[in-house]
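Everything numeric in this text was worked out from a predicted model, so none of it was measured. So that the names make sense, note that chain A is the first sequence line, chain B the second, and so on, each numbered from 1.
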Amino acid sequence: MRTHYCGHLRASHTGETVTLFGWVDRRRDHGGVIFVDLRDRTGIVQIVSDPERTPGSFETANDLRNEYVVRITGKVSQRQDGAVNPKLPTGEIEIYADEIELLNAVRKQLPFQVSTAEAESVREELRLRYRYLDLRRERMAQNLQTRHAVVKAIRRFLEDAEHFMEVETPILTRSTPEGARDFILPSRVNEGEWFALPQSPQLFKQILMVSGVDRYYQIARCFRDEDLRADRQPEFTQLDMEMSFLTQDEILDLNERLVGHIFQTVQGIDVPRPFPRLTYAEAMDRYGTDKPDTRYGLELVEVSDLVANSGFKVFSGAVKSGGMVKVLPIPNGNDVISNVRIKPGGDLFKVAAEAGAKGLAYIRVRESGEIDTIGAIKDNLSAEQKQELLSRTGAQPGTLLLFGAGPDDIVNPTLDRVRQAIAKEMNLIPADQLNLLWVTDFPMFEWNADEQRLEALHHPFTAPRPSDIGDLKTALAQAYDLVLNGYEIGGGSLRIYQPEVQRQVFETIGLSTEEAQEKFGFLLEAFEYGTPPHGGIAYGLDRLVMLMAGEESIRDAIAFPKTQQARCLLTEAPSTVDAQQLKELHVASTYRPKPKSEAADS
RNA sequence: GGGCCUGUAGUUCAAUUGGUUAGAGCACCGCCCUGUCACGGCGGAAGUUGCGGGUUCGAAUCCCGUCAGGCCCGCCA
């Protein structure tokens, strides 16, 4: 029976006989004395075996290899002076192994080295295929631990301090329009009908408010059948919350205390409260994005009014056709960014082009305050305009001004990306800083050009500001996102709780009364029976853990993630199924393997 | 659906840019070593250079196709 975990042993245990279980992290064989680093999830402790002092274990110690599983019984003893290892928390002691029992050997060559001492980066394909070994490694073991600690802190705060109740909602539910593509499952019992996996528990949590649950939360699995990214998986976990009878400010305050509690408990970090707030309009204006990274400056400056009548057609034309001209001022940018990089073919040009821009105009501010740029700009700006440009952008000698000109929805994303690329390159991002901020007052809708209709920016249950109900098309929403260092980690809103308003919103996004009734009739009906004002929020748990663990991929915050092709390399899911299974489900596959290309043969 | 990057021993990388026998660290196997902690020493085994085709006297290297993994766009809160 285990008496201790490896990583918990200290000098205070000296003299005790302990029994440990774990994996051989490493073995150092000196011919006479053998050292074994024994590892379990808490850490490593050194085991000693030699023929004279521990004859009972020496033979087995000889046979041990990396990652063998063993039971060890022995006495904790203080290490000699000079033999102490300050790098290990257990480095002051070691265990003289009276007994070593080999519980299981490794029968195959390890696909990669597991040892904590090996920091070599292993191909991710291998890590995913042998995930159980990868999870033994220190980095991933720590990430799992961090994730656990975050969830635990959430539960303690919400349940113990704030009277929240966890309620599970169905995984088998119905397909809903709007939002992402659903994963669907055929119903065997109800032939011809389909379940969908939930994109989020949105509808259920609102119904729980109608049910009087008052404060709901759930660590909820969500599913969206869309293409993957470094921060997106087809199944992911949300901290999902919904509350009745609270104002937006009360909800934000509660969430600030929640987030503060998480950082305090998990990492011992005090995040200052209240969190700064930016309106959506302000965020777009100053950063060109609704999730700005505010750890560094490089704020955008709009100059549309200044250049609207200039002779430089790129600028004046952009403004005349309803667009804008904005500047990204880069202090000391002249030294860092050459013209070649801004012009076609250059890397910054590519960044801008990817966002849809045709190019980046620029002005360099020289020592005397002289401006250095292409003739077309220089010649078409008056001295006053130049002066105003410099003072408005705060330009100093050495400053590089990059211009975006065109439609708003090109200029903003372009300068946002360029801003991030430059901040990274110029090392302007303080690594250890945590900038949490709320972005509020989102528009209710945004125009979807493909479908030629308005679309809910957040989701169609978001409440408009009461003062904006008159004109829903341009209304602002009572919605809020929590942003951490440029990542959206949570978002929510006050919900519509009057069926009339809900119907109007459905109408605005082009959902007919009949369609709304068919898709969401159950919700609208529930709202007829006494619905409390309510609102909520959902956090991307994986993304939060990723950031707290200092990882750059969401996969490193998830025990068993999928590849970018949405495959699980461990289980080889998805897989084909028997024809019989399909038949029972009343499903036939239309898939036909592509014929092999014959070009190679002939 | 599209763009870019990567794929060489179990693994992490190298291979003088098309040149003859594809190397090294760690892991693995054998021998030696009683205080190491990334122990050390000696020796050994280990390769369809992802796969298929092409160009060439000659291909890990160049070309085409294909598969897998990654980053991104589209898509997605």
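B:rA45 and B:rG7: their P atoms are spaced 28 Å apart (whole Å). Atom name P, nucleotides B:rG44 and B:rC5: the rounded distance is 41 Å, in whole Å. Comparing B:rG47 with B:rU11, their C1' atoms sit 13 Å apart, to the nearest whole Å. Between B:rG1 and B:rU66, the distance separating the two P atoms is 12 Å to the nearest Å. Nucleotides B:rA46 and B:rA22 place their C1' atoms 13 Å apart, quoted to the nearest Å. For the C1' atom pair drawn from B:rU56 and B:rU12, the interatomic distance equals 33 Å after rounding to whole Å. Separating the P atom of B:rA15 from that of B:rG50 is a span of 15 Å, rounded to the nearest Å. A gap of 11 Å separates the P atoms of B:rU6 and B:rA14, to the nearest Å.
A:His459 comes within 4.0 angstrom of no nucleic acid atom, judged by non-hydrogen atoms across all strands. Here A:Asp29 lies in heavy-atom contact (under 4.0 Å) with a base. Within 4.0 Å of A:Ser121, counting heavy atoms only, lie sugar-phosphate atoms of the nucleic acid but no base atom. Counting any heavy atom pair closer than 4.0 Å across all strands shown, A:Gly179 reaches sugar-phosphate atoms only and no base atom. Residue contacts for A:Arg53: at a heavy-atom cut-off of 4.0 Å it reaches a base atom on one of the strands shown. Among the protein residues, A:Glu124 comes within range of the sugar-phosphate backbone only, with heavy atoms under 4.0 Å from sugar or phosphate atoms but none that close to a base. Within 4.0 Å (heavy atoms only), A:Glu94 reaches at least one base atom of the nucleic acid. Heavy atoms of A:Arg26 sit under 4.0 angstrom from primed sugar atoms or phosphate atoms, though from no base atom. Using a 4.0 Å heavy-atom criterion, one finds that A:Leu569 contacts the sugar-phosphate atoms exclusively. Across all strands, A:Arg229 comes closer than 4.0 Å to base atoms (heavy-atom distances). Looking at heavy-atom distances under 4.0 Å, A:Lys108 makes no contact with the nucleic acid at all. Residue contacts for A:Glu125: at a heavy-atom cut-off of 4.0 Å it reaches the sugar-phosphate backbone alone, with no base atom in range. Nucleic acid contact class of A:Phe461 (heavy atoms, under 4.0 Å, all strands): none. As judged by a 4.0 angstrom heavy-atom cut-off over every strand, A:Gln199 is placed among residues touching the sugar-phosphate backbone only.
Taking the syn range as angles within 90° of 0, the glycosidic angle of B:rU12 is outside it, so the base is anti.
Closest non-hydrogen pair, A:Ala352 versus A:Thr414, comes out as CB-CG2, 3.6 Å. Listed here is the closest heavy atom pair of A:Leu360 and A:Leu348: CD1-O, 4.0 Å.
What separates CG of A:Leu110 from C1' of B:rC29 is a distance of 15 Å, to the nearest Å. For the pair A:Asp227 CG and B:rG1 C1', the interatomic distance rounds to 9 Å; values are reported in whole Å. If you take NZ of A:Lys562 and P of B:rC76, they are 21 Å apart, rounded to a whole angstrom. The CD atom of A:Gln109 sits 10 Å away from the C1' atom of B:rA9 (whole-angstrom rounding). Between A:Leu228 atom CG and B:rA68 atom C1' the separation is 16 Å, expressed in whole Å.
For A:Gln46 and B:rU36, a side-chain-to-base donor-acceptor distance below 3.5 Å is present, hydrogens and geometry of angles not being considered.
The phosphate of B:rG10 (OP1 or OP2) has no side-chain N or O of A:Arg123 nearer than 4.0 angstrom. Between B:rU34 and A:Arg28, no contact under 4.0 Å exists linking OP1 or OP2 to a side-chain N or O.
For B:rC33, the base is not stacked against the aromatic ring of A:His30, per a cut-off of 5.5 Å between centres and 30° between planes. A stacked arrangement is not assigned to A:Phe112 and the six-membered base ring of B:rU11, the conditions of a centre distance below 5.5 Å and an interplanar angle below 30° not being jointly met.
Other residues, nucleotides and ligands contribute at most 12 non-hydrogen atoms within 6.0 Å of the NZ atom of A:Lys291. The environment of A:Glu425 atom CD is dense: over 12 non-hydrogen atoms of other residues, nucleotides or ligands sit within 6.0 angstrom.
A:Asp225 places none of its side-chain heavy atoms less than 4.5 Å from the side chain of A:Asp182.
The one candidate from A:Arg107, A:Arg137, A:Arg136 that meets the salt bridge (charged side-chain N to carboxylate O under 4.0 Å, His left out) condition with A:Glu67 is A:Arg136.
The six-membered or imidazole ring of A:Phe520 lies near that of A:Phe461, with a centre-to-centre distance under 6.0 Å.
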